[in-house]
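Structure, as C-alpha cells:
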Amino acid sequence: MTARTRDWQAADASHFLHPFTDHQALASKGVRVITRGEGLYVWDSEDQRLFDAMSGLWCVNVGYGQAALIDAAMQQMRTLPYYNSFFQTTTPAAIALAERLAALTPAQFRHVFFSGSGSEANDTNIRLVRRYWDLMGQPERKVIISRLNSYHGSTLAAASLGGMAAMHTQGGLPIPGIVHIDQPHYWAHRDGAAKGLSREEFGVIAAGWLEEKILALGPEKVAAFIGEPVQGAGGVVVPPSSYWPEIQRICDRHGILLISDEVICGFGRTGQWWGCETFGTTPDLMTFAKGVTSGYVPLGGVMVGERVARVLIERGGEFEHGFTYSGHPVACAVGLANLELIEQQGLVQRVREDTGPYLAEQLALLLDHPIVGEVQSCGLMAAIQLSREPHAREAFAAELRVGLVCRRHCFDNGLVMRAVGDRMIIAPPLVITRAQIDEMFALIRGALDRTFAEAHAAGWLAGATG
Ligand SMILES: *Cc1c(COP(=O)(O)O)cnc(C)c1O
C-alpha cells in the first residue's frame, strides 16, 4: 500500500465521521479512497479499477465524466453560482428545470418544489400533506402510512417515514403520526403470508394490509400513503404486479393521498421515466433526487400534483417552508443537461427494450448457481438472494453475514455490488451496454463462486457436516 493511501486513511480515521458506518471497525480496517471515475468505472488510491454496478449510490445514471454535465456546471458557476428563490426571485436555470420536469412527468404534475436532497423532499411531502388537509378543513387527517424496510431518507422525518428498524432504534423514532405496514416481499414472507400463494395472489394480500391499517386507524385520520415503487435500499424488493394497482384502489376508496418516492425509480431506472408508470399508479406527490443530476451535484424535490397544488396555490397564502438551496441554479443547470443527455441517448427506451430485458436474461442464468435462492429485477435494478440450499430456499444464519463475505469478494475482484443482509443488489448506470452487462455478470459469477467456496469450506451450506 502506498504512503499516500496510508496518510489518507489515517487522516480520515482521525477526522471524518462517515454516514452509516461503524467507525471503530472502519478505522482498524482502513477506508478505501476513491480518486477518479470514468464511464462505468471508478479507481481507488491504489489504482485498482472497480466496475461500479451501484451507480455510486443509485445516482450516477449517465456514468462518470460526462462533459455535458460538467460544462453546464462550469457555465452556470461563471454566470451566477448562486441565487435563492425566496422573496419573489428566481433564476433561469430553476425555471427551465421546473418546466422540463413538468413536461417529463405524468399529466397530473405541473409544479415542482425543489430541495437539496431526497430526505428534504420527503420532509417537504409531510409539510405539503398536512397543509393540504388543513386547507381542506380536515385537520384530523394527520397519519401517514409507510412500510417496514422502506428507505425515505435520514432526517428525523424522513427516517420516520422509512421503515428501517436499526434507524428507528437509535433515533427514538418514528416521530408521532407515522405508522408502518409490512412490505410486499415475496421471499421474506415465503414461509408466512406468501406460503402456497403465487406472487400475484400475495401482492393482493400485501396491499390489503394497507386497508386493514386504514380501517384500524379510522379513514378520517389517515392523510397519505408513501412507498417506493421498488424498495431500493431494502434490497430491491420488486413487488408483484398486482400490488400497486390494488394500493391505488385502496387510497382512492378512502380519499387518501398517494406519494410515490421515485428517488431511485425515477429517470428511467425501471424502463419508464417514472416507477409509477411501470407499476400503474397515479400519485398525488412524487419525490425525486439522486438521478435528477446523475449525482454530479446535490438536488431533490417533490412533484406536486394538481389535486394538492391547486389547493395550496388558491387557498393557502404563504407556505412557510423552504431551503436555502431550493432551486440552486448550478444544480438545476446540471439537472437540465442530464435530462437532455438521457433523452438524446434514448436511455429510458434502451432500458425498457434492450438492456433491462437483457439484464433479466443474464440474471435468470444465475439461478443454477448453488448459492443463489432467488433473483429479481426491474429495468436496471436487480437482487440476488443468497441461500444455503437453493431448492429449499433456506436462508443462511444472519450472524454469518454472508452478504458481507460476498461483498468483500466483489471488491477484491473489481466489482462494486451492495449487500442488504444476504441479498446482493445492483443498479448499474443506465448507459451500460450489452457487452458491459456481460462483463458485469462475469464479475458477479466470480464473486458468487468465491463466496460459495468460502461458505463450503466453513461448513455453512445445508447438508454440510461441519
Ligand atoms: C436515497 C433515498 C432517499 C434520500 O435521499 P437523500 O438525497 O440521501 O436525502 C429517499 N428515498 C429513497 C427511495 C432513496 O433511495
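Atoms considered below: every heavy atom in the structure, side chains included; atoms not considered: hydrogens, waters and symmetry mates. Since the model is a prediction, treat every value here as computed from it, not as a measurement. We count ligands from 1, going down the list as the structure has it; atoms in each ligand are counted the same way.
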For ligand 1, the portion of Tyr151 having any non-hydrogen atom under 4.0 Å away: both
Sub-4.0 Å atoms of ligand 1 with respect to non-hydrogen atoms of Gly118: 4 (C), 5 (O), 6 (P), 7 (O), 9 (O)
Parallel, tilted or perpendicular: ring planes of His180 versus His168, cut at 30 and 60 degrees: tilted
Per-atom contacts, ligand 1 versus Ser117 - under 4.0 Å to a heavy atom: 7 (O), 9 (O)
Criterion side chain to side chain contact (heavy atoms under 4.5 Å, CB included) on Gln376 and Trp187, from CA distance to verdict: CA-CA 10 Å; Gln376 285 282 303; Trp187 167 270; over 6 Å; no
For Ile264, atoms of ligand 1 separated by under 4.0 Å from a heavy atom: 15 (O)
Sub-4.0 Å atoms of ligand 1 with respect to non-hydrogen atoms of His152: 10 (C), 11 (N)
Whether Tyr41 and Phe51 hold their rings parallel, tilted or perpendicular, with breakpoints at 30° and 60°: perpendicular
Phe202 and Tyr186 aromatic ring geometry - parallel, tilted or perpendicular at 30°/60° bounds: tilted
Parallel, tilted or perpendicular: rings of His321 and Phe319 (30°, 60°): tilted
For ligand 1, the portion of Lys290 having any non-hydrogen atom under 4.0 Å away: side chain
Nearest neighbour of atom 8 (O) of ligand 1 from the list Gly275, Gly291, Ser119, on a heavy-atom basis: Ser119
Atom indices of ligand 1 within 4.0 angstrom of Glu228 heavy atoms, with elements: 13 (C)
